[in-house]
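Heads up, the thing below is written out as structure tokens.
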Amino acid sequence: MMAAGYLSLAVVLAVTLNHANRWLRAAGTAVVALGLAMIVLSILLADFDGTFAARTDAAAPLDRIKPFVLNAQALVAGAAVPFLLWAAWKQMRRTASAPPLRNGAARFGLLSRYAHWITATLMLCSLPMGLFLSVLPGGSPERADFLAAHQSMGLTLVIVVVLRIAVLLTTPAPGLPQALQPWERRVARTLHGLLYGLIVAFPVSGLLMSAYQGEDVWFYGWHLPQVVTPDVNRVATWAAMHGWLLPALFYAAILAHVGAVIKRHFADERFQDVRRMIT
Ligand code: HEM
Ligand code: HEM
């Protein structure tokens with residue numbers, strides 16, 4: 001089953017990327033590169049097999065840019081592949097010890113790290129998957145398969161984020177690195193809050209969109225009961241939220257989040273900072 005496959009991948013990555021064994025860390029990093037390469041290939045395939053071409057006439061103006069958005073995502077994913085292969089090579093040559101389960105004063109513990117990387121994997125896979133399924137013809141079996149997986153992965157995120165916040169309540173996050181400027185701290189805190197908000201807002205808006213539409217909602221093979229009475233007049237609001245507002249916010253937030261990690265690592269050369277969340 002597709003969703004179970006993505007969830008297994010997310011768990012394997014979370015564990016290997018934070019493992020003391022350098023071969024496992026390197027293998028995990030190489031698997032991320034392979035996964036991204038497969039996403040790139042499937043988007044390129046959709047470019048050439050007529051999936052996009054089949055829909056342009058019917059689509060509304062805003063919808064026409066979806067193939068471009070998907071190809072832009074493929075470009076970013078493609079650019080990350082050689083970088084990750086290089087990172088896998090570096091991991092192979094670097095020894096490290098695993099952090100304890102709980103958060104410490106200077107770095108995140110394993111529980112927070114696992115939750116972060118499961119979330120990151122599922123979020124970054126759900127985004128292109130949602131876009132892709134929305135260009136498939138309504139009622140096709142392929143769309144139904146992708147939708148069921150997309151729904152299951154999204155609802156899993158709600159569970160993971162609740163567990164993650166429970167971990168934070170019992171063992172608080174390490175304080176931000178001392179070297180950060182006051183404005184950098186403010187930006188980091190705001191950004192983390194926004195990211196947590198988005199992890200919840202995506203599945204909630206998606207669930208309401210599906211439910212008002214009267215579509216089936218699946219969670220790993222379980223058919224969930226209706227959460228609201230279907231009402232097609234309310235679909236547009238939640239669709240605009242799920243398909244436009246939230247993705248726009250997410251692209252901005254993730255660009256800033258990953259951009260900040262890259263800047264601190266490569267420009268500021270503060271190599272320990274990224275190790276707060278990845279071993
Ligand atoms: C894929 C590339 C990503 C990298 C390299 C990355 C890296 C990091 C690092 C190094 C931290 C620790 C910050 C600190 O030192 O305090 C962090 C925290 C965080 N990341 Fe990411 N991240 C990525 C993706 C994501 C995604 C996709 C999301 C959300 C959807 C996300 C949400 C968060 C949140 C909410 C925190 C704050 C954790 C807390 O304080 O509880 N990250 N990330
Ligand atoms: C983190 C979780 C999620 C992310 C990042 C996400 C993201 C997306 C994106 C970017 C699209 C494309 C929208 C468009 O351009 O029209 C989409 C479509 C869709 N999503 Fe989600 N989604 C998530 C969770 C969910 C959940 C939990 C559900 C339902 C229970 C859901 C239901 C849908 C539906 C029905 C569509 C297709 C709409 C169409 O056919 O036009 N999503 N999603």
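For the numbers below, each heavy atom of this structure counts, side chains included, while hydrogens, waters and symmetry mates do not.
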Check whether more than 12 heavy atoms from other residues, nucleotides or ligands sit under 6.0 Å from atom [atom1] of [X], and answer yes or no.
| X | atom1 | result |
| --- | --- | --- |
| Phe271 | CZ | yes |
| Met38 | CE | no |
| Trp244 | CH2 | yes |
| Arg275 | CZ | yes |

For Glu215, the side-chain hydrogen bond (donor to acceptor under 3.5 Å, both in side chains) test, sequence neighbours excluded, returns Arg143
Test Val69 against Tyr251 for side chain to side chain contact (heavy atoms under 4.5 Å, CB included), laying out the working first.
-> CA-CA 11 Å; Val69 179; Tyr251 294 137; 3.6 Å; yes
What pair of heavy atoms forms the shortest contact from [X] to [Y], and how long is it?
| X | Y | value |
| --- | --- | --- |
| Ser126 | His150 | O-CE1, 3.2 Å |
| Met209 | Ala239 | SD-CA, 3.3 Å |
| Asp273 | Arg264 | OD2-NE, 2.5 Å |

Do [X] and [Y] have side chains that approach each other closer than 4.5 Å (heavy atoms only, starting at C-beta)?
| X | Y | answer |
| --- | --- | --- |
| Val31 | Leu9 | yes |
| Val40 | Gln73 | no |
| Ser205 | Leu246 | yes |

* **Ring center gap for His242 and Phe202 short of 6.0 angstrom** =>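 Centroid separation for His242 and Phe202: below 6.0 Å.
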side-chain contact (heavy atoms from CB on, under 4.5 Å) test vs Ser210 passes for just one of Leu224, Val217, Val228, Asp216, namely Val217
Arg164 vs His116, test: side chain to side chain contact (heavy atoms under 4.5 Å, CB included). Steps then yes/no.
CA-CA 8 Å; Arg164 187 166 176 186; His116 176 271; 3.5 Å; yes
Checklist entry - Angle class for the Trp86/Phe83 ring planes (parallel below 30°, perpendicular above 60°, tilted otherwise)? => result tilted
>> Tell me whether the rings of Phe132 and Phe52 are parallel (<30°), tilted (30 to 60°) or perpendicular (>60°).
In response: perpendicular
Verify, without hydrogens or angle tests, whether [X] (side chain) and [Y] (backbone) share a donor-acceptor contact under 3.5 angstrom.
| X | Y | answer |
| --- | --- | --- |
| Trp218 | Ala144 | no |
| Thr171 | Asn103 | yes |
| Arg25 | Ala20 | yes |
| Ser112 | Phe108 | no |
| Asp49 | Thr51 | yes |
| Arg107 | Arg276 | no |
| Gln91 | Thr279 | yes |

**Prompt:** Does one side chain, of Thr156 or Tyr220, offer a donor that lies under 3.5 Å from an acceptor on the other?
**Reply:**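 Note: Thr156 and Tyr220 side chains meet the donor-acceptor criterion.
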| message | Is it the case that the side chains of Arg102 and Thr170 hold a donor-acceptor pair, with the cut-off being a distance below 3.5 Å and no angle test? | response | no
Report task. Take Gln226 and Tyr212, measure what side-chain hydrogen bond (donor to acceptor under 3.5 Å, both in side chains) needs, and give me the verdict at the end. Result -> CA-CA 9 Å; Gln226 271 185 354; Tyr212 280 127; over 6 Å; no
- Evaluate the side chain to side chain contact (heavy atoms under 4.5 Å, CB included) criterion for residues Phe250 and Leu194: first the C-alpha distance (whole Å), next the side-chain angles of each, then the deciding distance (0.1 Å), finally the verdict. CA-CA 9 Å; Phe250 184 75; Leu194 178 62; over 6 Å; no
I need the full list of salt bridge (Lys or Arg N to Asp or Glu O under 4.0 Å) pairs touching residues 178-193, with sequence neighbours left out, sorted by first then second residue.
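Non-adjacent pairs meeting salt bridge (Lys or Arg N to Asp or Glu O under 4.0 Å): zero.
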- request: For side chain to side chain contact (heavy atoms under 4.5 Å, CB included), just list the numbers for Thr121 and Tyr6, CA-CA rounded to whole Å, side-chain angles, deciding distance to a tenth of an Å, and then say yes or no.
  value: CA-CA 8 Å; Thr121 309; Tyr6 278 98; 6.0 Å; no
